[in-house]
Amino acid sequence: MDKNFYITTPIYYPSAKPHMGHAYSSILADFFARFKKIDGHNVHFLTGTDEHGLKIQRAAENEGKDTLEFCNELSKTFRDLSNILNLSNTDFIRTTEKRHKISVQNLWQELKKNDDIYISKYSGWYSVSDEAFYSDEEIEDINGKKQSIISKSAVEWMNEESFFFRLSKWEKSLLKYYEDNPDFLSPESRKNEVISFVKGGLKDLSISRKSFSWGIQVPENKEHVIYVWLDALTNYISALNYPDMKDSLFKKFWPASVHLIGKDILRFHAVYWPAFLLAAKIPLPKKIYSHGWILSGEEKMSKSKGNILDPIKIIKEYGLDPLRYYLIKEVSFGNDGSISKERLEDCINSDLANNFGNLCQRVVSFAFKNCSGEIPSQIKFLDEDLKILEKFKTDINLIRKKIDKLDVNYYINYIVDRLFEANKYFNDQEPWKKKDDILRLNSIVYTSLEIIRKICIMLFPIIPDSSIKALKIFGMNESDINFSSIEDHMKLDFGKKINQINILFKKIEKNND
RNA sequence: GGCGGGGUAGCUCAGUUGGUUAGAGCGCAGGACUCAUAAGCCUGAGGUCAGUGGUUCGAUCCCACUUCCCGCUACCA
């Protein structure tokens, strides 16, 4: 088994404030990173900011700020978000860093050396905000202003010398790669889109700009700046100290296990990035997963509709773990998902407070009243105890498999099933009626505590803080969390003091209007 | 226009390599209990599994057509 795991989020373009989509990508990536970590993998988890391009340059000019200082401020809001989201990222890369510049310029030279770059002329409609060229058919004229039909962003006519990447040359290799590596692109529906796009024919890609300066210079021509996507995508290897492919980080973690992205940037990751890597003779990442968007109710969030849910505000109001839990549970992975306060509140009350929180509370409280606050030492499992305990052991490899397929919904629903089961078990065994049968009472309490331990471990990647809080019952810390230990039924030390816990999740009082 | 995905209980979604009574959660209505955050447990309400036709002993799951939604792409596979 491959014990090294490298996962990335997109590097975020900081021209706007962090929104729910950023939070979602980051939280999902963190979920996988944390899971792999507690399942014994060496994990490298990268996120960061993409800071070059005309849009940033102009925004800085408008505010009369030095571009780099401007970027420092913007990047910080995303670094702060990583902290607010409690990400376990092992690195945070900025495209304005020196290590990245060296990496990009080196990749350029590799491409050049292999005859994948040539100079020519480009003319066409260019959108600064999209960093993309459009053909005549793709633009419309609104009140004398030209704009992209798709993105509605303003376009301007550009006519300049540009370097091109021979993307067309890689068409067949890409198709072959998709075919030979069926797991490379997922979900399946997105894969089909990519394949049909590539089959439609690839044009060479303009990979330099002369019209602005905020970017990484083309090594052999200082009048040109490297196209932002070639620049940005390279971050995934810059962070591993490329071009030093003998560097331990690179050797350990490349090719990446998963690039987690939003569906809007699929083409760059599924076509351009693999083509660049093929051309540079660098192995391709193992998996690219594009998730959907987070919608507000039925609609895409937009300022004009006033339906934006700011992740930071939500976290201030409800706490981080509820948001993490909600996004992972309620969004069907790969599809668009919607978020609303009502649903978030339902989720907190029913799943987190009533189901999980209350389970911990009732068992611990019972143990304090009836087992002098200790892990019972005199126990004898009956079939009904073993049945519920062994479920975890039976399913552990299935769970791992589902995670490798990035099926987070399966994972979280599995936990919810176990929670229902645990509450039912405690109910059915009626330990409060077993006060004259201490052996049985002890066994029920021990079994229940064991189930709580297993469930908390499984919850750790989803709601790390709350999981750790609950594991304090057993005096466990983050470093004690080990996924494979859910197989063990007698992990709790006999006679050890257990700790009382506070309410894990407060219920939300709902207005009845 | 082409390609792909999808239309399953009030809501959010599972599921069926075709086979007796189609599932979960939330919400709702009853019930028994009391360890617990008035939490948990049990029971129920019955959705023509988008529509029509076909294949089959039998289709929600296969095929065809229709319709609606979404994504990609665009006179080209």
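Keep in mind that what you see is a predicted model, and the values were worked out from it rather than measured. Side-chain atoms are counted along with the backbone in the values below, which use heavy atoms only and exclude waters and symmetry mates. Every chain is numbered from 1 and lettered A, B, ... according to where its sequence line falls, protein lines coming before strand lines.
- With hydrogens and angles ignored, the 3.5 Å screen pairs no side-chain donor or acceptor of Lys391(A) with any backbone N or O of Arg418(A).
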Test log, rule ring-ring contact (aromatic ring centres under 6.0 Å, His included), inputs Tyr326(A) and Tyr318(A): CA-CA 11 Å; Tyr326(A) 178 86; Tyr318(A) 296 98; 9.7 Å; no

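- The nucleotide C76(B) finds no pairing partner, because no Watson-Crick or G-U wobble arrangement with both distances shorter than 3.5 Å includes it.
- Lys506(A) has no side-chain polar atom (N or O) that falls below the 4.0 Å cut-off from OP1 or OP2 of U37(B).
- On the C1' atoms, U48(B) is 32 Å away from C3(B), given to the nearest whole Å.
- Phe420(A) comes within contact range of the sugar-phosphate backbone alone, with a heavy-atom separation under 4.0 Å but no base atom that close.
- Comparing the same atom, P, in G47(B) and in U17(B) gives a spacing of 26 Å after rounding to whole Å.
- Across the P atoms, U66(B) and G4(B) are found 15 Å apart, a figure rounded to whole Å.
- Within the 3.5 Å criterion, the main-chain N or O of Val364(A) finds no donor-acceptor partner in the side chain of Gln500(A).
- Both distances falling under 3.5 Å, in either a Watson-Crick or a G-U wobble arrangement, place U52(B) opposite A64(B).
- Comparing the C1' positions of C49(B) and G6(B) gives an interatomic distance of 14 Å, to the nearest angstrom.
- Look at A29(B): its Watson-Crick or wobble partner, with both distances under 3.5 angstrom, is U43(B).
- When each of Glu330(A) and Phe197(A) is assigned the nucleotide of RNA chain B bearing its nearest heavy atom, the one mapping closer to the 5' terminus is Glu330(A).
- At distances below 3.5 Å, not a single donor-acceptor pair connects side-chain atoms of Lys496(A) with backbone N or O atoms of Ile375(A).
- A donor atom on one side chain and an acceptor atom on the other are not found under 3.5 Å apart for Tyr325(A) and Ser466(A).
- Residue Asn354(A) places at least one side-chain N or O closer than 4.0 Å to OP1 or OP2 of G40(B).
- Taking atom CD of residue Gln500(A) and atom C1' of nucleotide C35(B), one finds them 12 Å apart after rounding to whole Å.
- Checking the phosphate oxygens (OP1, OP2) of C42(B), a side-chain nitrogen or oxygen of Lys424(A) falls inside 4.0 Å.
- The shortest distance between the side-chain N/O atoms of Lys369(A) and the OP1/OP2 oxygens of A36(B) is below 4.0 Å.
- A59(B) is unpaired under the Watson-Crick or G-U wobble criterion, no partner having all donor-acceptor distances under 3.5 Å.
- Taking the 5.5 Å centre cut-off and the 30° plane limit, the aromatic side chain of Phe366(A) is not classed as stacked on C35(B).
- The stretch residues 433-446 of chain A does not touch RNA chain B, since none of its heavy atoms comes less than 4.0 Å from the strand.
- To the nearest angstrom, P of A32(B) lies 18 Å from CG of Asp428(A).
- When atom types are taken as modelled, the side chain of Asn181(A) and the backbone of Asp183(A) share no donor-acceptor pair closer than 3.5 angstrom.
- The closest donor-acceptor contact from the side chain of Asn413(A) to the backbone of Asn409(A) lies under 3.5 Å.
- Here the separation of G40(B) from C33(B), taken at their C1' atoms, is 10 Å to the nearest Å.
- The partner of G71(B) is C3(B), judged by Watson-Crick or G-U wobble contacts that both fall below 3.5 Å.
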Residues Phe163(A), Tyr227(A); criterion ring-ring contact (aromatic ring centres under 6.0 Å, His included); working and verdict: CA-CA 9 Å; Phe163(A) 287 94; Tyr227(A) 175 49; over 10 Å; no

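- As a whole-Å value, the separation of Asn413(A) CG from U12(B) P is 16 Å.
- Leu504(A) comes within contact range of at least one nucleobase, with a heavy-atom separation under 4.0 Å.
- A gap of 7 Å separates the C1' atoms of A14(B) and A24(B), to the nearest Å.
- The distance between atom CG of Asn423(A) and atom P of C35(B), rounded to the nearest whole Å, is 16 Å.
- Pairing partner, A14(B): none, since no Watson-Crick or wobble contact has both distances short of 3.5 Å.
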